[in-house]
2 protein chains.
Amino acid sequence: MAPTSETLTAERILEATEEVLRRHGPAKATVVDVARALGVSHGSVYRHFRTKAALREAVTKRWLDRTSEKLAVIVDRDESPEERLRAWLGALFEAKRHKAGDDPELFATYTVLTDENGTVVGEHIADLTAQLTRIITAGAGSGTFPVPDPAAAARAVFQATGRFHDPCHAREWTAPGVDEEFTAVVDLLIRGLSSPSR
Amino acid sequence: MAPTSETLTAERILEATEEVLRRHGPAKATVVDVARALGVSHGSVYRHFRTKAALREAVTKRWLDRTSEKLAVIVDRDESPEERLRAWLGALFEAKRHKAGDDPELFATYTVLTDENGTVVGEHIADLTAQLTRIITAGAGSGTFPVPDPAAAARAVFQATGRFHDPCHAREWTAPGVDEEFTAVVDLLIRGLSSPSR
DNA sequence: GGAATGACAGATATTGAAATCTGTCAGCTG
DNA sequence: CAGCTGACAGATTTCAATATCTGTCATTCC
């Protein structure tokens with residue numbers, strides 16, 4: 001690597017910060033560490049991020065946005081609303097479970113980060129429910145999901161599946177039978193959305 | 001109070017432990033404190049509970065059982081399955097939210113205790129889902145809830161409402177609009193349970 | 001002149017020695 | 001003799017001194 005050769009940019013700082021977090025964990029990762037990894041003084045880092053908290057927030061946002069982007073692809077696929085809804089929820093669960101199982105320490109690190117950045121997480125959730133709303137609205141248009149308020153239905157679906165995407169339940173994602181439980185919840189919700197009685 | 005006059009019983013130790021936990025919090029509550037509160041030596045406490053962990057586990061179980069007992073009353077009420085289901089879920093949410101809002105510190109204490117006593121919590125959840133299963137089975141019998149597997153449906157309903165009873169979501173229970181969100185999720189689930197399509 | 005540096009003050013984290021706690025058990029007490 | 005006590009060893013926690021970090025800014029460098 002040639003850390004000193006290129007100009008210092010916010011992007012490079014974020015990459016270095018992710019690496020430092022991966023190596024040291026959230027408690028011991030310092031701004032000085034990040035600067036050291038980049039071969040600059042820590043004062044230079046403060047030129048791009050006003051505080052350590054702002055830096056951590058930016059890293060958190062990047063991480064969450066990567067998931068959002070993956071899921072956004074599913075929203076516009078050429079499939080029925082029900083298929084897309086199942087695929088979207090399944091992909092969300094799969095993405096989270098994979099991250100948690102793949103590198104538990106890194107996942108724990110990001111769980112700490114999300115805990116301290118409520119605002120960013122709130123925006124991420126708003127983003128995800130907006131995607132869900134688009135799918136359900138399509139279903140409302142075609143008559144598959146006869147709901148009066150797709151946005152409210154989207155929030156309900158998102159919250160009802162919380163056990164399968166909220167980090168505070170990560171421990172349960174490796175238990176035997178979670179897949180059946182996930183399917184059971186999704187089936188129940190889709191039957192609720194599909195029910196014509198209003 | 002006359003702590004030295006009565007005989008030392010497991011029950012009295014549990015009461016004293018709750019008091020010590022209330023006063024000192026989970027991190028600083030010691031067996032010595034409990035013994036001091038009872039006016040006995042800590043050796044005597046170990047006659048009734050093999051370890052500090054066992055003592056904390058027993059306190060946790062007591063606390064959880066109090067909620068179970070309250071809800072059990074609703075299961076056998078003389079109402080329709082749907083009414084009982086709504087009442088039961090509402091009471092569960094209300095009980096948890098009340099505990100969390102009433103005395104946040106004590107609630108935090110018990111959250112720590114439940115985190116360290118996975119087995120007891122597992123039994124508590126099994127107990128609650130058994131209660132739910134009874135209500136849904138009644139609905140299956142009467143045709144209100146045409147589900148093939150009431151126990152599986154109960155688990156799904158319990159998990160889908162997790163946001164409204166799992167302690168890790170306690171922070172969100174005071175947000176404005178939670179009641180509407182709760183109602184939306186319950187409505188959606190009940191519509192799913194009531195749907196005849198299988 | 002715009003970007004980077006490094007010394008600095010106050011806040012936070014680390015460390016290791018001293019204090020406290022857990023769990024045991026031989027002996028006391030009623 | 002059944003139940004309680006208190007001294008004890010090893011584990012854990014506390015506390016204060018020490019080291020490191022955060023955020024600023026006058027100065028240097030290209």
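Just so it is clear, the model here is predicted, and its values are computed rather than measured.
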Quick one: is Ser44(B) getting a side-chain N or O under 4.0 Å of the dT5(D) phosphate, OP1 or OP2? yes

Roughly how many Å is it from NE2 in His48(A) to P in dT22(D), rounded to a whole number? 18 Å

With no hydrogens and no angle check, is any side-chain donor or acceptor of Trp63(B) less than 3.5 Å from a backbone partner on Glu18(B)? no

Should the pair Asp78(A)-Arg84(A) be classified as a salt bridge under the 4.0 Å nitrogen-to-oxygen rule? no

Round to a whole Å and report the spacing from CZ of Arg12(B) to P of dC4(D). 10 Å

Between Arg47(A) and Thr30(A), just flag the one whose closest nucleotide in DNA chain D comes earlier from the 5' side. Thr30(A)

Nearest whole Å is fine: how far is dA7(D) C1' from Tyr46(B) OH? 15 Å

Report yes or no: do Thr67(B) and Lys96(B) form a side-chain donor-acceptor pair below 3.5 Å? no

Base, sugar-phosphate, or nothing for Val31(A), non-hydrogen atoms under 4.0 angstrom? sugar-phosphate

note: His24(A), atom NE2; dC21(D), atom C1'; distance rounded to Å ~ 13 Å

Could you state the atom-to-atom distance from CZ of Arg50(A) to C1' of dC25(D) in whole Å? 17 Å

Check if the side chain of His42(A) and the base of dG23(D) share a donor-acceptor pair of N or O atoms closer than 3.5 Å. yes

Considering heavy-atom distances to DNA chain C, does Asp33(B) or Gly43(A) have its closest nucleotide positioned more toward the 5' end? Gly43(A)

Rounded to whole Å, CZ of Arg36(B) lies from P of dG6(D) at a distance of 13 Å

Side chains of Asp33(A) and Thr30(A) only: does a donor on one sit below 3.5 Å from an acceptor on the other? yes

Round to the nearest Å and state the distance from Lys28(A) atom NZ to dA19(D) atom P. 18 Å

Identify, between Leu8(B) and Ala27(B), the residue whose nearest nucleotide on DNA chain D lies closer to the 5' end. Leu8(B)

Do the side-chain N or O atoms of Ser41(B) get closer than 4.0 angstrom to the phosphate oxygens (OP1, OP2) of dT5(D)? yes

Between Arg77(A) and Glu83(A), is there a salt bridge with N-O shorter than 4.0 Å? no

Please report, rounded to the nearest Å, how far the C1' atom of dT12(C) is from the NZ atom of Lys52(A). 9 Å

